[in-house]
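For reference, the structure is listed below as structure tokens.
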2 protein chains.
Amino acid sequence: MATGRTHRPATRSRGIPEATVARLPLYLRALTGLSERSVPTVSSEELAAAAGVNSAKLRKDFSYLGSYGTRGVGYDVEYLVYQISRELGLTQDWPVVIVGIGNLGAALANYGGFASRGFRVAALIDADPAMAGKPVAGIPVQHSDDLERIISDNGVSIGVIATPAGAAQPVCDRLVAAGVTSILNFAPTVLSVPDGVDVRKVDLSIELQILAFHEQRKAGEESAAAHDGAVPESVGHDVVAHDTDQGPDGDVPAVMPA
Amino acid sequence: MATGRTHRPATRSRGIPEATVARLPLYLRALTGLSERSVPTVSSEELAAAAGVNSAKLRKDFSYLGSYGTRGVGYDVEYLVYQISRELGLTQDWPVVIVGIGNLGAALANYGGFASRGFRVAALIDADPAMAGKPVAGIPVQHSDDLERIISDNGVSIGVIATPAGAAQPVCDRLVAAGVTSILNFAPTVLSVPDGVDVRKVDLSIELQILAFHEQRKAGEESAAAHDGAVPESVGHDVVAHDTDQGPDGDVPAVMPA
DNA sequence: CTGTGTGAAGCGATTCACAGCG
DNA sequence: CGCTGTGAATCGCTTCACACAG
């Protein structure tokens, strides 16, 4: 599984760090909120607070996109919304299919955050014949036998897997074979995909386990703190309180040979 | 300023890197699978492949926990499962409450990955009076008026927020005031919490936006380089290509026939 | 004078490569 | 030998601090 990966210098000038890309949606959301309240401009300090990051990081992030701010003033909200949207590729329509319409799949189908950002649920697919035709979130569920046709008819390149763990890899293989090149995986499995296919996963139990780790440590320090006569519950010294970042990462495709 | 930050270097002895902590659940899952198939030992290479990381990283990660392997042989699966579980604090019971029982909340309540890892859904809470008493996943939904009592009666320290965006911060404030010190947030909002409270977030639309960014770039390179006829080895499902890290994840397969 | 944009320093995580245990 | 465990090199992100545009 060596997985040859041709990590290139990234597209010369368009080399935006992965960590920055992961924060752009965050800025975009904060900006959208400001936009709705008709705020014309924001300083890096204000926007950073709204997005939950520090201002130096935000300015550095924006510097990768270009010089969209005005010194001494700040950033034009509308303009920035547009620039970030364009950078993320949200100015175009992304048809998405959701495979596995259980509780989670239904929740995803109903999630409004999709439509509002250039994503369109093109189809819902499930392996259960009894589900076929039944509408979920106003969209009729289709049987997985038609998966390939659905992908190609709709020009889908992004697929969401919300099936049980056992079905994830087979579904993934079919999606990829049918032309999908980006997958968001909710099943608790490590998916194998060919180079050029991007996979991101969302795993609830992992998040909880990470929380448990910190929680356990807090409990430990609590009793250890009592040792050196520290304050009981109050504002003693900061407990764990690590930053809220947590969300970076991502993977880089690596299409085409160098 | 939203959340307080105050990153602490972490105590030297118990200093496990955050990135390592985030991968432990991944190793644990892979090990559990091996354990179920009664595999007695694994090499770092094999386990790394199963977890989707590279072996050097895995060995380094384990080195922070101690020397649990046998040179020339590998790691004892059962022993490692125990050590990692203990390190993550999964050998104890973690009562969890889920607030906001909509589609997503219901999916979470039905998720089996909870119980199997030391997490116990102690209560489901929703603001809709009509939901009160209605059982979801076998657990009766309780009204949010009783939130504080529920938290304290059950000694809950971990809360999951699956409410609409607007309700998230108020719910968060009440959870924290009632004693919750770890929060897993599914609402698309930046939560403000006092120091000492840990927040992790899972945001579906952000994940999709990150995929869209890469997808857009692939499309661009595709026309720049020759399409198809790419790398020879990229046909079948090779391997996990890229670094699968991507930080957090969460999953939630729901119950449903396949 | 204010707040952006950015070189440079600082830091943590990843990767390398190999010593050495079994 | 094979495979773990780990110092050392490296890489990439974050943070600092300040020149300079408006």
Side-chain angles (χ1 to χ4, degrees), chain A residues 1-5 7-10 13 15-24 26-27 40-49 51-77 79-80 83 242-252, chain B residues 5-12 15-24 26-27 40-49 51-77 79-80 83 242-248:
Chain A
M1 44 258 27
T3 301
R5 40 177 313 134
H7 207 94
R8 253 162 328 146
S13 51
I16 300 177
E18 192 54 37
T20 294
V21 172
R23 281 187 297 267
L24 292 181
L26 224 54
Y27 300 144
T41 60
V42 269
S43 65
S44 61
E45 201 71 54
E46 297 166 325
L47 183 54
V53 303
N54 83 40
S55 65
K57 195 185 289 184
L58 178 145
R59 287 201 304 279
K60 180 65 101 180
D61 283 342
F62 286 177
S63 78
Y64 293 117
L65 310 183
S67 289
Y68 297 148
T70 305
R71 293 172 191 239
V73 179
Y75 301 90
D76 180 274
V77 174
Y79 186 56
L80 205 45
Q83 290 299 343
H242 66 126
D243 13 305
T244 321
D245 60 348
Q246 157 241 53
D249 297 277
D251 4 58
V252 179
Chain B
R5 30 192 51 242
T6 327
H7 211 353
R8 224 205 357 201
T11 332
R12 246 303 134 245
I16 299 177
E18 191 55 36
T20 294
V21 172
R23 281 187 297 266
L24 292 181
L26 224 54
Y27 301 144
T41 60
V42 268
S43 66
S44 62
E45 201 71 54
E46 296 165 326
L47 183 54
V53 305
N54 84 38
S55 65
K57 196 186 288 185
L58 177 146
R59 286 200 304 278
K60 179 66 101 180
D61 283 342
F62 286 178
S63 78
Y64 292 116
L65 309 184
S67 289
Y68 298 147
T70 305
R71 293 170 191 240
V73 180
Y75 301 89
D76 180 274
V77 174
Y79 186 55
L80 205 45
Q83 290 299 343
H242 52 220
D243 357 287
T244 313
D245 59 354
Q246 170 225 57

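Proteins come first, then strands; the chains are lettered A, B, ... in the order of their sequence lines, and each starts at number 1.
- Side-chain N/O atoms of B/Tyr64 include none lying less than 4.0 angstrom from OP1 or OP2 on C/dG12.
- Going from atom CZ of A/Arg71 over to atom P of C/dT4 covers 10 Å, rounded to whole Å.
- The shortest distance between the side-chain N/O atoms of B/Arg23 and the OP1/OP2 oxygens of C/dT14 is below 4.0 Å.
- One can place CG of A/Asp61 at 13 Å from C1' of D/dG12, the figure rounded to the nearest angstrom.
- Across all strands shown, B/Gly72 has heavy atoms under 4.0 Å from base atoms, whether or not it also approaches the sugar-phosphate.
- Remark: of the listed residues B/Tyr79, B/Phe62, B/Tyr75, B/Tyr79 is the sole one forming a ring-ring contact (aromatic ring centres under 6.0 Å, His included) with B/Tyr68.
- With rounding to whole Å, A/Glu46 atom CD is found 12 Å from C/dT2 atom C1'.
- Between A/Leu58 atom CG and C/dG3 atom P there is a gap of 14 Å when expressed in whole angstrom units.
- A/Glu46 and A/Thr41 make their closest contact through OE1-O, 4.4 Å (heavy atoms, listed as atom of the first residue, atom of the second, distance).
- Comparing C/dC18, C/dT6, C/dT14 against the side chain of B/Arg59 picks out C/dC18 as the nearest.
- Residue A/Lys57 has no polar side-chain atom (N or O) positioned under 4.0 Å from OP1 or OP2 of D/dC13.
- Spacing between atom CZ of B/Phe62 and atom P of C/dT14 amounts to 14 Å, rounded to whole angstrom units.
- Comparing D/dA19, D/dC16, C/dA13 by their nearest atom to the side chain of B/Pro17 picks out C/dA13.
- Taking every side-chain heavy atom of B/Lys60 into account, C/dT15 is the closest of D/dT4, C/dT15, C/dG5.
- Using a 4.0 Å cut-off, no side-chain N or O of A/Ser43 falls inside it from OP1 or OP2 of C/dG3.
- Within the structure, a side-chain polar atom (N or O) of B/Asn54 is placed less than 4.0 Å from OP1 or OP2 of C/dT15.
- Atom CD1 in B/Ile16 sits about 15 Å away from atom C1' in C/dG12, given to the nearest Å.
- Contact of the A/Leu47 side chain with the A/Leu80 side chain is registered, since non-hydrogen atoms from C-beta on lie closer than 4.5 Å.
- Side-chain atoms of A/Ser63 lie closest to C/dG5 of the nucleotides C/dA19, C/dT14, C/dG5.
- Residue A/Thr70 has no polar side-chain atom (N or O) positioned under 4.0 Å from OP1 or OP2 of D/dG22.
- Separating the CG atom of B/Leu47 from the P atom of D/dC3 is a distance of 14 Å, rounded to the nearest angstrom.
- With contacts defined as side-chain heavy-atom distances shorter than 4.5 Å, the pair A/Leu65/A/Leu24 qualifies.
- Taking the side chain as every heavy atom from C-beta outward, A/Thr70 and A/Asp76 never approach each other to under 4.5 Å.
- Within 4.0 Å of B/Tyr75, counting heavy atoms only, lie sugar-phosphate atoms of the nucleic acid but no base atom.
- Rounded to whole Å, the distance from CG on A/Leu65 to P on C/dT6 is 11 Å.
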